[in-house]
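Fair warning: this is a prediction, and the values are worked out from it, not measured in the lab. Numbering starts at 1 and runs along the sequence shown.
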Amino acid sequence: MNALVVCPECGHEWVPAEEGAGGSADAGEQVVKDAVGNVLSDGDTVTVVKALKVKGSPSGIKAGTKVRNIRLIDGVDGHDIDCKIDGFGAMQLKSSVVKKA
C-alpha cells in the first residue's frame, strides 16, 4: 500500500522511514558488550580473557592475548567480532570471551 506497510496478521500499519528517523536510539544499531559489560565499537583493542581452542592448530589462543582493530559484525552462532590475531590469522570471536583493553 504505497509507502504504508501493513502486518498481515494483526493489521498494524506503519511507515518504514519513520522508524530510523526519530524513533528509538537502538533501532538500526546493535550494541555489543564485552565480558565485563563495556560497550565495544569498531577499531577497539580487546584482550582475550580465557584460553580458546582453535581447530587445526596444535596450540590455542592464550588468555591475555591482545587483539587490535576489531570489527563488529552480525556473525553466526554468537560470533560478533571479526579480527586478525598474530600467529592465527583472520577469525571471528564471541564478545563474551574478550575484555576491552
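- Here Arg71 contributes atom CZ and Gln92 contributes atom CD; the two are 9.0 Å apart, rounded to the nearest 0.5 Å.
- The line from CG of Asn69 to OG1 of Thr45 is 7.5 Å long, rounded to the nearest 0.5 Å.
- Here the closest non-hydrogen pair linking Gly78 and Lys94 is O-CG, 3.4 Å.
- Of the candidates Asp42, Ile73, Val97, Leu72, Ile81 forms a side-chain contact (heavy atoms from CB on, under 4.5 Å) with just one, namely Leu72.
- Scanning both residues, Ser96 and Ala35, for their nearest heavy atoms gives O-CB, 3.4 Å.
- One distance of note links CZ of Arg68 with OG1 of Thr47; it measures 9.0 Å at 0.5 Å rounding.
- Within 6.0 Å of NZ in Lys100 there are more than 12 heavy atoms belonging to other residues, nucleotides or ligands.
- Contact annotation: the side chain of Val98 never approaches that of Ile70 to less than 4.5 Å [non-hydrogen atoms, C-beta and beyond].
- Checked against Val46 for a side-chain contact (heavy atoms from CB on, under 4.5 Å), the options Leu40, Asp34, Asn38 give a single hit: Leu40.
- Under a 3.5 Å cut-off, the side chain of Ser95 and the backbone N or O of Lys33 do form a donor-acceptor pair.
- In this structure, OG on Ser59 lies 13.0 Å from NZ on Lys53, to the nearest 0.5 angstrom.
- Each of Leu52, Asp82, Val54 was scored for a side-chain contact (heavy atoms from CB on, under 4.5 Å) with Met91, with one residue passing: Val54.
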Open item on the list: Test side-chain contact (heavy atoms from CB on, under 4.5 Å) on Val67 and Ile61; report intermediate values, then the result.
Closed with: CA-CA 11 Å; Val67 181; Ile61 299 171; over 6 Å; no

